[in-house]
Amino acid sequence: MWAPYAFIAPFYVLYVLFMIVPILVACGLSLTEWVGLGTPKFVGLRNFLDLARDTSFHTALANSTLYVLVSVFVVVPCALLLAQALHTRGLRARDLFRVTFFVPMVLSPIVIALVYSLLLDTQYGLVNSVLKALFGGGGVDWIGDPDWAKSTVAVVVLWRWVGYLTIFFLAALQAVPRDLYEAAELDGAGAIRSFFTVTLPSIQPVTAFVVVTSFIGAAQLFDEPYLITNGGPGEATLSVAMFVYRAAFQRQQFGYAAAAGLVLFVVVFAVSQLLNRLLAIGRAE
Amino acid sequence: MSTRADTRKTREPLRRGGRGGMSRSGRIALYSTLTLLLLIFVAPLVWAISSSFKPRGDIFEYPPKLIPSPATLDNYRTLLDTQPFWNWFAISVVTALLATTVAVFVCALAGYGFAKFRFAGKRVLFGVMFSSLSVPFAVILVPLFILVVKSGLSNPWFALIVPWVAPAFGIFMMQQYIVQSIPDEIIEAARIDGSSEFGTFWRVVLPLLRPSLGALAVWQFLQSYNAFMWPLVLLSDVNQYTIPLGLNILFRAENRSYDLVMAGAVLASVPTILVFLLLRKQLLEGLSAGAVKG
């Protein structure tokens, strides 16, 4: 009788302590003004009203939305394309490719940031050296120009995530029964048409999982913009997670930071629950 | 839903499946594209390794040289002599191993509970667990920091493992694996033999979970070892930094000079790359199995 509860209890104890309690604390804190010392002062919904008028927060929301869009509409399709290429019949060295493309996920974000900062240094970096040698001119200001800085973060996100997502798609493609393709071929479907009529519907659950995972990951992006561009130039690459970090740990506005975190939470939670429901994943049995 | 056993049997033919034959030019295009991509993935890392062996003044020399000449170990020597790198290394590895051990155990227990028992509230509890996947860490960053510091638990050996001990992802992975690969009969047989519920789990179920536990362990180790945001807000004593935090602070303090941090980046990546290469099959298959059959 009690056995199943005993098995799941350790998880729920930790879950309550380190997830539920913090969320409740965040809710309480978001209604206060607190610099980290003394007693928090109750201010009602003022933090949320301030957020609604805070242009930095708007910028952060817009940037995080951009990161989400890039992840879902660029990184995910690239991963599917890569998986499709790796799924090619009789491909040699498939494991070499699969493993190599996964390596960025194994590396620490700080390592990735250091490597890219080295490569993309405006004056002396390898990439600009090559560009200058090939095309002349002054090279590209990868970190210092607002638009290029956004692209740099996006490219690093692509580089880091694509191989990870590819393994899910590849496993899904390998599980599609072969006779479905043969049937489509008999019906005269070409490669493109059987991709849309056989492949996509068959891998739908995995696509759903990958889309939700990338959405959640991108919405809370912190390491790449913090480490590579430090949110800059100005606030061109500032993400919501960075906004929360700065409010709390650079300006000691703990209540304000908690409020910003909750806004992120509500949006991410609502959208991913909606996606889960639409795409029907995450049910026991 | 297919069982694990017949997936294994049919994998080979399926692997060669997919679309029919490909023309010679298509094949050439495919291999050159993949090889080009391979280079794009490997080149930054090769460049980083090469730079770590260059004297400070040569890192940005023009024209760029792939093979450092002269090559030097000075960057490594200076890093290890002037920075408490081995402290960072120890704290990163030990806390990652602690977090991994706790997480794997907690996930195996809960995964088993969800996979093999019927009980009141199961659907709701599973849903609650699963929905925690969509809680961004930034939300609990501030309250978790306050809780940990206020309750006097900011000792890094403890505090660093806190965010990694109960990953819902791991429970989902375990639950999927147990449903697919552990038949009820084995558990029934152990019960008839008079084994206690926990004894059955410990002696019968846990050994059968080994491949999946390996995948989860590697994944959790990587998450914790590579983590950046939590150590960034938590740690203030340079002797108790993790490697990622130490490298970041060093890079900023050295006025963004690359010699020491590149050596550090290479050293930092050795354990994770080694673990990954040794257990790559388990990890990649373990990660994708749950999602594909879920």
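Note on naming: letters A, B, ... go to the chains in the order of the sequence lines (proteins, then strands), and numbering restarts at 1 for each one. Computed from a predicted model, the values in this text were never measured in an experiment.
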(Q) Quick check on the interface: out of A:Y15, A:F269, A:Y116, A:F101, who has the most heavy-atom pairs with chain B under 4.5 Å? (A) A:F101
(Q) Need one label for A:L227: side chain, backbone, both or neither, based on atoms under 4.5 Å from any heavy atom in chain B. (A) both
Q. Quick check: does any side chain N or O of B:N226 sit under 3.5 Å from a backbone N or O of A:V106, one acting as donor and the other as acceptor?
A. yes
(Q) Given heavy-atom pairs under 4.5 angstrom as the criterion, report whether the side chain, backbone, both or neither of B:F201 touches chain A. (A) side chain
Q: Determine, stepwise, if the pair B:R252 / A:N230 fulfils side-chain contact (heavy atoms from CB on, under 4.5 Å).
A: CA-CA 11 Å; B:R252 285 163 199 243; A:N230 199 11; 3.8 Å; yes
**Q.** Portion of B:A120 that has a non-hydrogen atom of chain A nearer than 4.5 angstrom
**A.** both
(Q) Heavy-atom cut-off 4.5 Å, strictly under: side chain, backbone, both or neither for B:I273 against chain A? (A) both
Q: May I ask you to check whether A:Q273 and B:S134 show a side-chain donor-acceptor distance below 3.5 Å?
A: yes
Q: Under 4.5 Å, counting heavy-atom pairs only, tell me which of B:V149, B:V128, B:V102 racks up the most with chain A.
A: B:V128
Q | Side chain B:Y258, main chain A:S117, donor-acceptor under 3.5 Å | A | yes
Q: Of all the heavy-atom pairs spanning B:I40 and A:W159, show the shortest one and how long it is.
A: O-NE1, 3.4 Å
**Q.** Non-hydrogen atoms of B:M229 and A:A241 that approach each other most closely
**A.** CE-O, 3.8 Å
Q. Donor-acceptor pair, A:Y12 side chain versus B:L125 backbone, under 3.5 Å?
A. yes
Q. If you measure from OG on B:S51 to CG on A:L126, what distance do you get to the nearest 0.5 Å?
A. 8.5 Å
Q.
Checking the side chain of B:Y31 only, and the main-chain atoms of A:R92 only, is there a donor and an acceptor separated by less than 3.5 Å?
A. yes
Q) Which bit of B:M262 comes within less than 4.5 Å of chain A, counting heavy atoms only: side chain, backbone, both or neither? A) side chain
Q) Using 30° and 60° as the class limits, which term best fits the ring planes of A:Y226 and B:F228: parallel, tilted or perpendicular? A) tilted
Q: Examine whether an atom of B:K150 lies under 4.5 Å from a heavy atom of chain A, and if so say whether it belongs to the side chain, the backbone or both; otherwise answer neither.
A: side chain
Q) Which atoms of A:L107 come close to chain B, meaning under 4.5 Å heavy atom to heavy atom: side chain ones, backbone ones, both, or neither? A) both
Q: Answer with side chain, backbone, both or neither: which region of B:I146 has an atom nearer than 4.5 Å to a non-hydrogen atom of chain A?
A: side chain
Q | Residue part contacting chain B, namely of A:A219, when any heavy atom lies under 4.5 Å | A | neither
Q) Hey, does A:V115 have a side-chain heavy atom less than 4.5 Å from the side chain of B:W47? A) no
Q | Shortest non-hydrogen contact from B:A138 toward A:V244 | A | O-CG1, 3.7 Å
(Q) Please classify the contact between A:D179 and chain B as side chain, backbone, both or neither, with a heavy-atom cut-off of under 4.5 Å. (A) neither
Q. So what's closer than 4.5 Å to chain B heavy atoms on A:V162: side chain, backbone, both or neither?
A. side chain
Q: May I ask you to decide if B:P136's main-chain N or O and A:Q220's side chain share a donor-acceptor pair within less than 3.5 Å?
A: no
Q) Taking the six-membered ring for Trp, are B:F119 and A:Y5 parallel (under 30°), tilted (30 to 60°) or perpendicular (over 60°)? A) perpendicular
Q. Which answer fits B:L284, side chain, backbone, both or neither, if we ask what part of it has an atom under 4.5 Å from a heavy atom of chain A?
A. both
**Q.** Region of A:F222 that comes under 4.5 Å of a non-hydrogen atom in chain B
**A.** side chain
**Q.** Engaged part of B:V42 at the chain A interface, taking heavy atoms whose separation is under 4.5 Å
**A.** side chain
(Q) To check you understand the geometry: which heavy-atom pair defines the closest contact between B:G113 and A:F7, and what is its length? (A) CA-CB, 4.0 Å
Q.
Less than 4.5 Å to any heavy atom of chain A: does that hold for the side chain of B:S196, its backbone, both, or neither?
A. neither
Q. Shortest non-hydrogen contact from B:S288 to A:I167?
A. CB-O, 3.7 Å
Q: For the pair A:D95 and B:R280, find out whether any cationic side-chain nitrogen is under 4.0 Å from an anionic carboxylate oxygen.
A: no
Q: Determine whether A:S108 and B:Y225 make a side-chain contact, defined as any pair of heavy atoms from C-beta on separated by less than 4.5 Å.
A: no
(Q) Restricting to non-hydrogen atoms, name the atom on B:A166 and the atom on A:F11 that form the minimum distance, rounded to 0.1 Å. (A) O-CE1, 3.4 Å
Q: Count the heavy-atom pairs under 4.5 Å between each of B:V275, B:V148, B:L232, B:V266 and chain A, then report the option with the highest count.
A: B:L232
Q. Do A:R94 and B:L34 come within less than 4.5 Å of each other through their side chains, counting heavy atoms only?
A. no
Q) Just how far is it from atom CZ of B:F137 to atom CG of A:L264, taken to the nearest 0.5 Å? A) 12.5 Å
**Q.** Student check: side-chain heavy atoms of A:V103 and B:F41 closer than 4.5 Å
**A.** no
Q) What option among B:L283, B:L38, B:I243, B:T33 has the most heavy-atom pairs under 4.5 Å with chain A? A) B:L38
Q) How many angstroms lie between OG1 in A:T213 and CG in B:L133, if you round to the nearest 0.5 Å? A) 8.0 Å
Q: Name the option with the most non-hydrogen atom pairs under 4.5 Å to chain A; the candidates are B:V261, B:V139, B:V218, B:T272.
A: B:V139
Q) Checking A:L86 against chain B: side chain, backbone, both or neither under 4.5 Å from a heavy atom? A) side chain
Q. Among all residues two or more places apart in sequence or in another chain, which pass the salt bridge (Lys or Arg N to Asp or Glu O under 4.0 Å) test with B:R191?
A. B:E188, B:E197
Q. At a heavy-atom separation under 4.5 Å, does B:Y112 approach chain A through its side chain, its backbone, both, or neither?
A. side chain
Q) Between A:L14, A:V111, A:L114, which shows the greatest number of heavy-atom pairs under 4.5 Å with chain B? A) A:L114
Q: Decide if the gap between the ring center of A:F249 and the ring center of B:F145 is smaller than 6.0 angstrom.
A: yes
Q) With only heavy atoms counted, which part of A:W34 is less than 4.5 Å from chain B, the side chain, the backbone, both or neither? A) side chain
Q: Examine whether an atom of A:L91 lies under 4.5 Å from a heavy atom of chain B, and if so say whether it belongs to the side chain, the backbone or both; otherwise answer neither.
A: both
Q) In Å and rounded to the nearest 0.5 Å, what is the NZ to CZ distance from B:K281 to A:R98? A) 6.5 Å
Q) With only heavy atoms counted, which part of A:S272 is less than 4.5 Å from chain B, the side chain, the backbone, both or neither? A) side chain
Q. Hey, which of B:L277, B:L222, B:V135 has the most heavy atom pairs under 4.5 Å with chain A?
A. B:V135
(Q) Suppose we call two aromatic rings close when their centres sit under 6.0 Å apart. Are B:W219 and A:Y164 close by that rule? (A) yes
**Q.** From B:R27 atom CZ to A:T88 atom OG1, the distance as rounded to the nearest 0.5 Å
**A.** 7.5 Å
Q) Pick from A:D121, A:L29, A:L96: which one has the most heavy-atom pairs with chain B under 4.5 Å? A) A:D121
Q) Does any non-hydrogen side-chain atom of B:I140 lie less than 4.5 Å from one of A:V25? A) no
Q. Taking B:L141, B:V162, B:L144 one by one, which has the highest count of heavy-atom pairs under 4.5 Å against chain A?
A. B:V162
Q. What is the distance from atom CD1 of A:I110 to atom CG of B:L247, rounded to the nearest 0.5 Å?
A. 6.0 Å
Q: Determine the option with the most heavy-atom pairs under 4.5 angstrom with chain B, choosing from A:A248, A:G28, A:A133, A:G261.
A: A:G261
